[in-house]
Amino acid sequence: MSLSENLQNQADDYLKDTLSINARKAFELLLQENQELVDYISINKEMQAHYNEEDWSFVDLDEETVELEDYLKSDKAKAFKASVKKVNDSFVKEKPSNRKNYFSYLAIAASVVFLIGYFVFNNSTSNLELYENYNSWQELPSLINRGDVDDTTLAEAENAFINKNYEKAHLFFDAYIQNSYTVSTTVLLYQGVVFLELNEYNNALTTFNELIESNSLDNSKGYWYKVLVYLKMDDKVNAIKQLEIITSNPENYKFVEAQELLEKLRD
């Protein structure tokens, strides 16, 4: 038995809880006998639980679902909703025997919406998250162990760096650099990272460029650390450019990680 328009209206009123006590009892008796009516209620209840008719606004949003709400309000989502409505209108005009297929379509449409949200937002990673995942200052070699310390300046600088007192570390590194004829690549790396942690991006890039232009065997490290600068700046385009340089030569520092990160940024 297909649902009449009157029965659908009753079902809508039932979901809105606007039926009188007697009408509600009578309708619940119908539910015990009509599986198609049960399906209609179940599907519409599920859809109403997640979005309203106007904008598919999700209820009880937490921070992780705000982006999904924004997507559902976007032009793409509106176009998808329009397609659902178009099929809806088409099924409504069809003969009653096709109504059950219509309910199945609504269930599929609702599932598609949630799958879109899941894959678009749960599988995407922000540039800042990638920065946090790929930066590892523990990999920086110790200045003391390498014998780069000829006085207490670098020892104090490294100690401040380890304790994440980057402003103090900057002062010591700057004092050392100003009073040195030559500066090791390791010191340049530390100073560049200090600038990065202090959000002095231009100074960080300048420092890493100095490393790249040196004749050191470690000069390719400058490209990797420039990637981290651009990720923190949320500059995907320039991050990709640096990664393309790294992946052009297997001998470059962080070649494997660069391939992996490049793939993620291009997704």
Side-chain angles (χ1 to χ4, degrees), residues 119-150 153-155 157-162 164 166 169-170 172-174 176-267:
F119 285 109
V120 169
F121 297 106
N122 288 349
N123 288 344
S124 62
T125 307
S126 72
N127 293 329
L128 186 56
E129 288 174 322
L130 289 172
Y131 166 77
E132 295 293 346
N133 291 339
Y134 281 90
N135 75 53
S136 180
W137 310 149
Q138 290 79 10
E139 295 181 355
L140 290 172
S142 172
L143 296 170
I144 299 173
N145 293 339
R146 287 171 60 92
D148 289 326
V149 177
D150 53 10
T153 305
L154 285 185
E158 183 174 350
N159 185 58
F161 183 93
I162 292 172
K164 299 184 179 181
Y166 298 113
H170 167 61
F172 281 112
F173 280 121
D174 191 55
Y176 175 83
I177 293 171
Q178 292 296 325
N179 292 285
S180 301
Y181 290 105
T182 60
V183 178
S184 70
T185 57
T186 305
V187 172
L188 287 177
L189 282 174
Y190 271 95
Q191 180 72 313
V193 171
V194 165
F195 282 132
L196 177 53
E197 288 288 356
L198 294 175
N199 298 326
E200 295 184 22
Y201 302 125
N202 289 335
N203 286 332
L205 291 171
T206 298
T207 303
F208 294 135
N209 280 332
E210 187 177 345
L211 173 59
I212 291 170
E213 294 167 3
S214 71
N215 294 322
S216 168
L217 295 175
D218 291 333
N219 69 332
S220 68
K221 289 183 178 181
Y223 295 115
W224 175 255
Y225 283 92
K226 284 181 68 175
V227 170
L228 298 177
V229 176
Y230 287 125
L231 286 176
K232 193 174 181 183
M233 292 173 65
D234 199 22
D235 187 344
K236 180 178 178 180
V237 173
N238 278 311
I240 288 176
K241 288 180 180 179
Q242 299 303 309
L243 289 168
E244 288 174 341
I245 294 174
I246 297 172
T247 55
S248 67
N249 185 350
E251 299 298 320
N252 281 333
Y253 180 70
K254 293 286 187 179
F255 175 78
V256 174
E257 290 87 342
Q259 287 182 313
E260 177 185 276
L261 182 53
L262 186 58
E263 184 177 345
K264 291 180 179 180
L265 289 176
R266 283 175 170 171
D267 284 346

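Numbers here simply count residues along the sequence, with the first being 1.
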Trace of the side-chain contact (heavy atoms from CB on, under 4.5 Å) decision for Y230 with L205: CA-CA 9 Å; Y230 287 125; L205 291 171; 3.8 Å; yes
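- Contact record, A204 with G192: CB-O, 3.6 Å, taken as the closest heavy-atom pair.
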Evaluate salt bridge (Lys or Arg N to Asp or Glu O under 4.0 Å) for K264 paired with E129, printing each intermediate quantity in order. CA-CA 12 Å; K264 291 180 179 180; E129 288 174 322; over 6 Å; no
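- Among all heavy-atom pairs drawn from L265 and N127, the shortest one is CD2-OD1, 3.5 Å.
- T186 contributes atom OG1, which lies 9.0 Å from atom CG of L211 (distance to the nearest 0.5 angstrom).
- One N or O on the side chain of E158 and one on the backbone of L143 form a donor-acceptor pair closer than 3.5 Å.
- In this structure Y134 satisfies the ring pair (Phe, Tyr, Trp, His ring centres under 6.0 Å) test with no other residue, sequence neighbours excluded.
- In this structure a side-chain-to-backbone donor-acceptor pair under 3.5 Å is present from Y190 to P141.
- Rounded to the nearest 0.5 angstrom, I240 CD1 and L261 CG are separated by 9.0 Å.
- More than 12 non-hydrogen atoms from other residues, nucleotides or ligands lie less than 6.0 angstrom from CD of E200.
- Take N219 and apply the side chain to side chain donor-acceptor pair (under 3.5 Å) test, not counting sequence neighbours, and it matches no residue.
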Compile the donor-acceptor pairs under 3.5 Å between side chains in residues 222-229 and protein atoms, sequence neighbours left out, one pair per line.
| residue | atom | partner | partner atom | Å |
| --- | --- | --- | --- | --- |
| K226 | NZ | N209 | OD1 | 2.8 |

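- Residues in residues 228-243 take part in no salt bridge (charged side-chain N to carboxylate O under 4.0 Å, His left out) pair, two or more places apart or across chains.
- Residues that satisfy the side chain to side chain contact (heavy atoms under 4.5 Å, CB included) test with E251, not counting sequence neighbours, are N249.
- For the atom pair CD (E260) and CG (N133), the distance works out to 9.5 Å, reported to the nearest 0.5 Å.
- The minimum heavy-atom distance linking T247 with F255 is given by the pair O-CE1, 3.3 Å.
- Rounding to the nearest 0.5 angstrom, the gap separating the CG atom in N202 from the CZ atom in F195 is 11.0 Å.
- Taking S136 as the reference, Q138, E139 meet the side chain to side chain contact (heavy atoms under 4.5 Å, CB included) condition, with sequence neighbours excluded.
- Annotation: the span from L189 atom CG to W137 atom CH2 amounts to 9.5 Å, rounded to 0.5 Å.
- Across T207 and N203, no two heavy atoms sit closer than the pair OG1-O, 2.8 Å.
- The number of heavy atoms from other shown groups lying within 6.0 Å of CD (Q259) is above 12.
- Expressed to the nearest 0.5 Å, how far OH of Y176 lies from CD of Q191 amounts to 12.0 Å.
- Residues L217 and T185 form no side-chain contact, since every pair of their non-hydrogen atoms from C-beta on lies 4.5 Å or further apart.
- With a 4.5 Å cut-off on side-chain heavy atoms, F173 and L154 count as touching.
- Of all heavy-atom pairs spanning F208 and L188, the tightest one is CE2-O, 4.4 Å.
- With N135 contributing its side chain and Y131 its backbone, the two residues share a donor-acceptor pair below 3.5 Å.
- Here the closest heavy-atom approach between residue A157 and residue A169 is recorded as O-CB, 3.7 Å.
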